[in-house]
Participant: 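There's a structure below that I have some questions on.
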Amino acid sequence: MASKKWVAMLLAGGQGSRLGELTSDLAKPAVPFGGKYRIIDFTLSNCTHSGIDTVGVLTQYQPHILNSYVGNGRPWDLDRNYGGVALLPPYKDKDGGEWYKGTANAVYQNFHYIDTYDPEYVLVISGDHIYKMDYNKMLAAHIAKGAHATVAVIEVPWDEAHRFGIMNTDDTDQIIEFDEKPKNPKNNLASMGVYLFNWKHLKKYLTEDEKDIGSSNDFGKDIMPKMLNDGANLQAYRFNDYWKDVGTVESLWEAHMDMLEEPTVFELEDPNWQIYAGNANHPPQYISEEADVTQSLVNEGCMVSGTVVHSVLSYNVQVGSGSIIKDSVIMPNVKIGKNVTIEKAIIGSDTVIEDGAVIGAHKTGITLIGENQIISSTYAKS
Amino acid sequence: MSNVLGVINLVNERPILKELTHHRCLASVPFGGRYRMIDFTMSNFMNVCVSKVAIFTKDKYRSVMDHLGSGKEWDLDHRSQGLFILPPIHPDEQIKGDIQQFFDHLEFFKRATADTVIIAPGHHISKIDFNEVVQEHENSGADITVLYKNYDGEAVQKPIYHQCTLDSRGEVLDIELYTSPATGDHVCLETYVIRKQLLIDLIKKCVENEEYDFLKDAVKANLKSLQVQGYEFAGHMPFIHSLSTYHKSNMEFLNPDIINDYFYNSWDVFTKVKHEAPAKYAISSKVSNSLIANGCFIEGTVENSIIFRGVKVKKGAVVRNSIIMQKGDIEEGVHIDHVITDKQVIITKEQTITARQQPTVIKKGEVV
């Protein structure tokens with residue numbers, strides 16, 4: 001078989017503990033997003049649109065839903081004869097086996113998978129970011145600059161830089177220093193968790209890193225600084241469009257609100273860059289005579305009789321008459337009764353909100369209700 | 001039930017929907033916000049787990065081929081069985097009738113492992129549970145089961161429907177083309193259940209006798225020699241035979257009871273997946289009593305209407321009692337009432353189009 005130009009390794013094994021109840025039974029990349037999608041759809045669709053036809057999805061934590069969702073990759077055109085999508089959980093061989101110890105170790109353990117395709121480049125991406133990115137442009141920059149590795153970066157506000165992995169660069173955007181969550185940032189270029197490597201070069205570092213018992217086997221913390229130390233040519237690739245890490249309840253909620261901005265900051269309905277999703281068959285949404293829906297995203301399968309303002313309704317959500325949903329994210333199959341008030345909340349899938357319940361109305365911050373709950377009218381979480 | 005073969009017969013279709021059936025067959029006319037008419041029969045077939053479906057097409061079948069593709073949305077992309085689109089094999093000749101086409105593709109029937117065949121047209125909007133029909137067919141020991149429905153449609157003065165005359169045991173005594181069905185008449189749904197071997201025998205015999213109409217020459221001509229049993233379908237199924245009945249039956253889908261019956265209280269209705277984003281409602285949007293599909297961006301007012309995928313209703317536009325098909329663009333300040341716009345129509349700024357008795361149809365791709 002011909003060798004592949006590049007292979008993507010998609011890190012999807014994280015527990016996502018900062019998403020609280022939303023990830024108690026679900027891997028973070030499988031968390032519903034934007035009314036129709038799961039978070040992983042954005043990176044998988046990026047791969048498809050960038051012409052990457054071989055994607056290894058590294059799973060570990062609570063993989064069942066994620067596994068069956070990704071399946072053979074059909075929704076993303078990744079059901080290929082040669083290549084396509086492969087789910088890569090940790091495994092055992094004759095020498096043993098172990099859990100993925102870190103991002104770099106997860107890729108290291110799947111050495112043979114990558115070698116099967118003998119690629120020139122390996123793209124390491126993460127399944128918990130919302131963005132539309134053409135990785136080809138990054139590859140073109142990588143090749144033009146003769147880089148050993150390229151890290152996609154995005155400018156973040158200076159006062160938030162301390163929360164990110166910051167790349168300190170020279171005036172040609174060559175990386176001269178890594179600063180993981182710096183107290184006093186010298187730059188505001190944050191790593192997006194998108195790494196492009198020359199496979200032969202990376203292989204050497206992964207093997208060495210594996211032998212180093214002091215290493216945390218992480219790309220950002222171990223591999224990249226080691227390469228830098230050795231004088232490798234590491235480049236920052238600037239990305240100037242929307243990108244958001246949705247690893248916390250706050251950022252997940254914020255990203256949803258971003259989708260509702262007028263004028264648009266992130267266009268989901270982009271004919272040139274559709275976000276593909278599985279389970280896409282639902283009847284059209286019915287908006288009743290009493291309903292009032294404004295500045296919202298509503299997916300198919302919804303039946304709305306109440307008021308929905310500045311909110312996202314996922315598929316098969318029902319909103320009874322007299323109910324008011326404001327600044328909220330309602331995940332799939334949630335049944336909301338009559339005269340319910342929900343403000344600034346995220347309601348997990350399959351939850352039932354009974355008539356008259358009040359959620360989040362008298363609270364600052366975001367109220368999170370988990371999956372499969374029954375919330376009665378007496379509910380008053382404060 | 002796994003031993004059933006599905007046949008969707010488009011050979012007898014008539015272009016009854018004027019502009020909408022000008023360039024496409026009836027089965028692929030859009031319906032209900034995101035479907036094509038054929039989706040309902042396809043999904044009803046899925047519910048009986050048919051392993052193999054054949055679509056016998058007559059003409060204007062490009063859209064039906066495009067829509068059904070490999071059949072994967074209906075789980076029909078199987079290795080050995082699955083979906084077969086069977087167009088006329090002598091396209092330059094006048095088609096003599098559906099039996100001609102069944103005969104030309106007789107191999108399809110012969111190869112099938114199923115021993116029971118369901119034949120249905122492609123434009124029925126219904127949730128027929130064929131499990132029950134096939135069960136009833138077997139229980140009654142009938143050679144052929146013919147489905148009928150008691151007429152509840154609008155008055156019509158055209159020879160479109162056949163009336164079934166039944167005896168007290170439900171056996172069919174006569175089937176006759178007639179012009180003015182009255183409420184309660186047993187209207188033949190041109191939907192049949194038949195043993196495969198009998199079907200093959202009838203097809204061969206008809207062709208030998210140079211007879212080519214399945215209903216007339218295979219069913220009606222054998223009412224005495226075969227046991228032909230009637231089966232009443234009592235569920236919801238609009239009688240669509242004109243633009244106004246098409247419009248009206250779409251509007252029936254604004255009734256939550258009908259929505260529940262079709263989409264939530266029974267098996268799913270599948271259609272081609274297009275991956276549009278959820279519908280987006282702007283701050284200025286005002287939507288009531290409407291079906292909205294994904295990919296829409298609503299900034300204006302929409303009332304009592306059916307809006308298909310990827311439609312834009314701009315600020316100040318008012319859409320009432322209308323059907324806007326895929327990728328329609330309703331610009332600022334437009335007022336439309338009782339209008340059906342086919343796919344990719346643009347209604348330019350400040351236009352007013354209102355109709356009363358008959359809905360006004362705007363042809364596919366037109367800019368008005």
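Below, read A as the first sequence line, B as the second, and so on, with proteins coming before strands; counting in each chain starts at 1.
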Participant: Between the side chains of A:E300 and B:R34, is the shortest nitrogen-to-carboxylate-oxygen separation below 4.0 Å, so that they form an ion pair?
Facilitator: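 Result for this pair is yes, salt bridge flagged.
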Participant: Side chain, backbone, both or neither: which part of A:P75 has a non-hydrogen atom closer than 4.5 Å to chain B?
Facilitator: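 The answer is both parts of A:P75.
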Participant: Looking at A:N299, A:T294, A:I287, which has the largest count of heavy-atom pairs under 4.5 Å with chain B?
Facilitator: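 Going by pairs under 4.5 Å, I would pick A:I287.
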Participant: Kindly give the heavy-atom pair with the smallest separation between A:P284 and B:G32, and that separation in Å.
Facilitator: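 Taking every non-hydrogen atom into account, CG-O, 3.2 Å.
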Participant: Heavy atoms under 4.5 Å from chain A: which residues of residues 248-278 of chain B carry them?
Facilitator: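 Answer by number: B:L254, B:P256, B:I259, B:N260, B:F263, B:Y264, B:D268, B:V269, B:F270, B:T271, B:V273, B:K274, B:H275, B:E276, B:A277, B:P278.
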Participant: Under 4.5 Å, counting heavy-atom pairs only, tell me which of A:Q285, A:Q295, A:E289 racks up the most with chain B.
Facilitator: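 Heavy-atom pairs under 4.5 Å are most numerous for A:Q285.
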Participant: Are there over 12 heavy-atom neighbours, none belonging to B:R62, within less than 6.0 Å of that residue's CZ?
Facilitator: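 Incorrect, the count does not exceed 12.
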Participant: For atom NZ of B:K364, is the number of surrounding heavy atoms from other residues, nucleotides or ligands below 6.0 Å larger than 12?
Facilitator: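 Yes, the 6.0 Å shell around NZ holds more than 12 heavy atoms from other groups.
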Participant: So which part of A:N316 gets closer than 4.5 Å to some heavy atom of chain B, the side chain, the backbone, both or neither?
Facilitator: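 Interface part for A:N316: side chain.
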Participant: Considering all heavy atoms of both residues, which atom of B:Y35 and which atom of A:P283 are nearest to each other, and what is their separation?
Facilitator: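 Of all heavy-atom pairs spanning B:Y35 and A:P283, the closest is OH-CA, 3.1 Å.
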Participant: Would you mind listing every ring pair (Phe, Tyr, Trp, His ring centres under 6.0 Å) that reaches into residues 312-348 of chain B, with sequence neighbours excluded?
Facilitator: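 Qualifying pairs, neighbours excluded: B:H247-B:H338.
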Participant: Please classify the contact of A:H310 with chain B as side chain, backbone, both or neither, using a heavy-atom distance under 4.5 Å.
Facilitator: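 No part of A:H310 comes within 4.5 Å of chain B.
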Participant: At a heavy-atom separation under 4.5 Å, does A:Y37 approach chain B through its side chain, its backbone, both, or neither?
Facilitator: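 It is the side chain, since no backbone atom gets that close.
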Participant: Quick check on A:K335: does its NZ atom have over 12 non-hydrogen neighbours (other residues, nucleotides or ligands) under 6.0 Å away?
Facilitator: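 Check passes, neighbour count above 12.
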Participant: Heavy-atom cut-off 4.5 Å, strictly under: side chain, backbone, both or neither for A:E261 against chain B?
Facilitator: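 Looking at A:E261, just its backbone touches chain B.
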Participant: Using heavy atoms and a sub-4.5 Å threshold, report which of residues 282-312 of chain B line up against chain A, by residue number.
Facilitator: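 B:A282, B:I283, B:S285, B:V287, B:S288, B:N289, B:S290, B:L291, B:I292, B:A293, B:N294, B:G295, B:R309, listed by number.
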Participant: Using a 4.5 angstrom heavy-atom cutoff, name the option from A:L268, A:I275, A:V293 with the most pairs to chain B.
Facilitator: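 That would be A:V293.
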Participant: Please list, in residue-number order, every residue in residues 63-72 of chain B that has a heavy atom less than 4.5 Å from any heavy atom of chain A; write 'none' if there are none.
Facilitator: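 Checking residues 63-72 of chain B against chain A gives B:K72.
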Participant: For A:M303, is it the side chain, the backbone, both or neither that has a heavy atom under 4.5 Å from a heavy atom of chain B?
Facilitator: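 Only the side chain of A:M303 comes within 4.5 Å of chain B.
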Participant: Output the distance between atom OH (B:Y281) and atom CG (A:L260), rounded to the nearest 0.5 Å.
Facilitator: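 Interatomic distance, B:Y281 OH to A:L260 CG, rounded to 0.5 Å: 13.0 Å.
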